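Heads up, the thing below is written out as structure tokens.
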Amino acid sequence: MDRETRTFAERHYRDLGGRVPGCGGPAPSSVTFIQAPDAFSYADFVKGFLLPNLPCVFSSAFTEDWGSRRRWVTSAGKPDFEYLLQKYGDVVVPVANCDVREYNSNPKEHMPLRDYISYWKEYIQGGCSSPRGCLYLKDWHLCRDSLADDLEDIFTLPVYFSSDWLNEFWDVLNVDDYRFVYAGPKGTWSPFHADIFRSFSWSVNICGRKKWLFFPPGQEEALRDCHGNLPYDVTSAELLDTRMYPRIQHSSLPLEVIQEAGEMIFVPSGWHHQVYNLDDTISINHNWVNGCNLANMWHFLQQELQAVQQEVREWKDSMPDWHHHCQVIMKSCTGINFEEFYHFLKVIAEKRLLVVVSGLKGDTGDSTGLQQAAFDIGRLADVLASVVAHPDFQRVDTSTFSPQPEELLWQLKDTVAAAEAC
């Protein structure tokens with residue numbers, strides 16, 4: 001991030017005045033297609049899409065050097081099953097059954113990749129049909145389970161998505177990540193959802209095509225049924241039942257995007273979507289959070305805790321440590337609670353503080369890295385101030401936290417003031 005882009009971004013958040021970024025604005029009529037890498041800078045992406053929280057599609061020219069596009073794909077543009085078997089055949093992968101609904105998702109099983117590819121071949125030979133159902137390889141943590149040298153030969157992280165706090169945090173813990181491979185035959189699909197923690201995501205089709213149905217933040221509210229639940233499939237005829245879906249007449253048509261082979265799509269924070277594989281398709285996908293959607297993540301976590309508290313409110317007076325139990329339930333349902341969110345903020349904050357303090361001392365010549373870190377610290381300070389003031393966070397036992405939340409907030413604010421002229 002250069003100085004001019006940092007100034008632009010900081011002004012953007014000041015103008016928001018504490019409102020959640022990227023929510024409630026007018027829906028675009030189409031998705032921008034970005035053709036040439038040389039003509040599109042990181043600053044262009046930040047100003048045109050990241051800050052306004054709008055989707056875009058990058059042409060296949062942005063990924064033409066990826067090893068996976070050469071090695072995982074045949075000359076006919078199909079998945080190279082033989083190469084994948086040789087390289088990854090014994091790897092155990094998660095597989096979802098698209099024909100079975102389990103709440104608003106699909107049940108998963110685990111199997112060696114060679115067994116899934118055997119199924120995939122049979123599915124193709126059966127005319128896109130199988131007695132085993134429509135199986136979709138989803139959420140394969142290839143990056144987590146691979147060596148760094150191997151990954152360099154698979155893909156190159158696009159600079160536009162390089163400020164990735166979510167995976168930076170999990171890499172420090174060394175237990176998980178939010179980098180995935182999806183692979184499946186024509187007809188596999190993902191039900192209606194918004195990405196975890198209201199993260200951004202990006203997705204590249206290594207081969208095949210996808211159809212995306214997008215709903216900007218807020219438009220999903222008209223799709224809720226009479227019980228307040230979101231639909232499993234936004235194309236279902238069930239949604240025509242106005243008794244079950246009383247607000248459906250106020251809904252808008254989705255923004256439809258066809259993503260071709262090699263193309264890269266940016267999915268903004270909080271945009272609900274449904275995705276179909278139009279061909280035999282393999283994709284690489286990352287979820288990511290940074291300063292531009294950190295407030296969205298914090299807002300989402302507050303909503304999740306409120307939902308848990310509403311569910312168990314009848315035991316509030318009779319259950320000792322009711323607030324603590326709500327945090328435990330929230331973590332089991334959402335994957336994170338207020339305590340872990342603070343740890344997430346702390347890990348990123350301490351790394352950015354080192355960069356800025358070194359830069360202020362003149363110990364680094366990387367001005368773009370310094371500007372990015374200074375911007376990050378400003379966003380961390382804004383969100384942490386809200387966290388520290390939240391009544392439910394004040395009920396969390398922080399006695400073992402180091403540094404204490406108030407101390408970290410003071411460090412961030414002090415560094416923001418020192419970095420204003422850098």
Side-chain angles (χ1 to χ4, degrees), residues 33-37 56-96 98 111-128 130 134-158 160-161 179-190 201-212 257-267 275-286:
F33 185 79
I34 301 160
Q35 183 67 52
C56 62
V57 177
F58 299 79
S59 76
S60 60
F62 287 82
T63 64
E64 62 184 0
D65 294 332
W66 287 18
S68 53
R69 287 194 55 198
R70 297 191 304 273
R71 295 180 177 84
W72 293 10
V73 184
T74 68
S75 58
K78 301 293 185 180
D80 191 332
F81 292 139
E82 299 314 309
Y83 176 85
L84 294 170
L85 283 169
Q86 179 184 354
K87 187 73 175 178
Y88 306 109
D90 294 328
V91 176
V92 176
V93 295
V95 175
C98 298
M111 65 178 70
L113 181 64
R114 65 177 67 257
D115 291 351
Y116 181 71
I117 288 179
S118 176
Y119 155 81
W120 193 342
K121 291 177 178 178
E122 293 170 1
Y123 188 87
I124 294 171
Q125 292 170 357
C128 295
S130 168
C134 182
L135 304 185
Y136 191 7
L137 191 164
K138 300 178 72 173
D139 301 326
W140 173 18
H141 291 267
L142 177 63
C143 291
R144 186 184 64 192
D145 302 329
S146 299
L147 299 174
D149 290 346
D150 290 337
L151 290 177
E152 290 177 1
D153 202 34
I154 295 173
F155 74 98
T156 303
L157 181 65
Y160 314 104
F161 316 133
R179 309 176 181 103
F180 307 106
V181 171
Y182 282 43
K186 176 181 178 180
T188 47
W189 66 293
S190 293
S201 66
W202 61 262
S203 177
V204 173
N205 285 348
I206 305 305
C207 62
R209 299 176 301 143
K210 292 181 185 287
K211 180 171 78 171
W212 297 74
V257 178
I258 304 298
Q259 180 190 13
E260 302 289 340
E263 292 180 350
M264 177 167 65
I265 195 163
F266 166 62
V267 181
V275 192
Y276 299 86
N277 287 328
L278 303 179
D279 307 307
D280 295 329
T281 303
I282 302 174
S283 64
I284 293 177
N285 319 275
H286 286 199

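All of these numbers come straight from a predicted model, not from anything done at the bench. Worth knowing before you read on, the calculation uses all heavy atoms, side chains too, and leaves out hydrogens, waters and symmetry mates.
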Could you give the distance from [atom1] ([X]) to [atom2] ([Y]), rounded to the nearest 0.5 Å?
{"X": "Tyr116", "Y": "Trp140", "atom1": "OH", "atom2": "CH2", "result": "11.5 Å"}
{"X": "Phe266", "Y": "Ser203", "atom1": "CZ", "atom2": "OG", "result": "13.0 Å"}
{"X": "Phe81", "Y": "Asp280", "atom1": "CZ", "atom2": "CG", "result": "6.0 Å"}
{"X": "Leu137", "Y": "Ser283", "atom1": "CG", "atom2": "OG", "result": "10.0 Å"}

With heavy-atom distances below 4.5 Å as the criterion, would you say the side chains of [X] and [Y] are in contact?
{"X": "Gln35", "Y": "Phe33", "value": "yes"}
{"X": "Phe62", "Y": "Tyr160", "value": "yes"}
{"X": "Ile282", "Y": "Leu84", "value": "yes"}

Can you say whether the rings of Phe180 and His141 are parallel (under 30°), tilted (30 to 60°) or perpendicular (over 60°)?
perpendicular
Kindly write out the residues that satisfy side-chain contact (heavy atoms from CB on, under 4.5 Å) with Val73, not counting sequence neighbours, or none if the list is empty.
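Scan of Val73 (side-chain contact (heavy atoms from CB on, under 4.5 Å), adjacent residues dropped) gives Ile206, Cys207.
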Please name all residues satisfying side-chain contact (heavy atoms from CB on, under 4.5 Å) with Asp115, sequence neighbours left out, ordered by chain then number.
Met111, Pro112
Residues two or more places apart in sequence or in another chain: which of them pass salt bridge (charged side-chain N to carboxylate O under 4.0 Å, His left out) with Asp279?
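With neighbours one apart ignored, the set is Arg209.
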Could you work out, with salt bridge (charged side-chain N to carboxylate O under 4.0 Å, His left out) as the rule, every residue matching Asp139, not counting sequence neighbours?
Lys108
Between [X] and [Y], what is the shortest heavy-atom contact and its length?
{"X": "Trp120", "Y": "Thr281", "result": "CH2-O, 3.8 Å"}
{"X": "Ile154", "Y": "Ser68", "result": "O-OG, 2.8 Å"}
{"X": "Val57", "Y": "Glu263", "result": "CG1-OE1, 3.7 Å"}

ring-ring contact (aromatic ring centres under 6.0 Å, His included) against [X], all qualifying residues, sequence neighbours excluded:
{"X": "Tyr136", "value": "Tyr182"}
{"X": "Phe155", "value": "Trp66, His286"}
{"X": "Tyr123", "value": "Tyr119"}

List for me each residue that meets side chain to side chain donor-acceptor pair (under 3.5 Å) alongside Ser59, sequence neighbours excluded, and say none if there are none.
none
Using side chain to side chain donor-acceptor pair (under 3.5 Å) as the criterion, list what pairs up with Trp212, not counting sequence neighbours.
Gln259
For residues 82-96, pull every pair meeting side chain to side chain donor-acceptor pair (under 3.5 Å), keeping only residues two or more places apart or in separate chains.
Glu82-Lys121, Asp90-Arg114
Distance-only check: which donor-acceptor pairs under 3.5 Å involve side-chain atoms of residues 183-190, not counting sequence neighbours?
from: Thr188; atom 1: OG1; to: Pro185; atom 2: O; distance (Å): 2.6
from: Thr188; atom 1: OG1; to: Asn277; atom 2: ND2; distance (Å): 2.7
from: Ser190; atom 1: OG; to: Lys138; atom 2: NZ; distance (Å): 3.2

I need the full list of salt bridge (Lys or Arg N to Asp or Glu O under 4.0 Å) pairs touching residues 59-78, with sequence neighbours left out, sorted by first then second residue.
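Sorted pair list: Arg71-Asp153.
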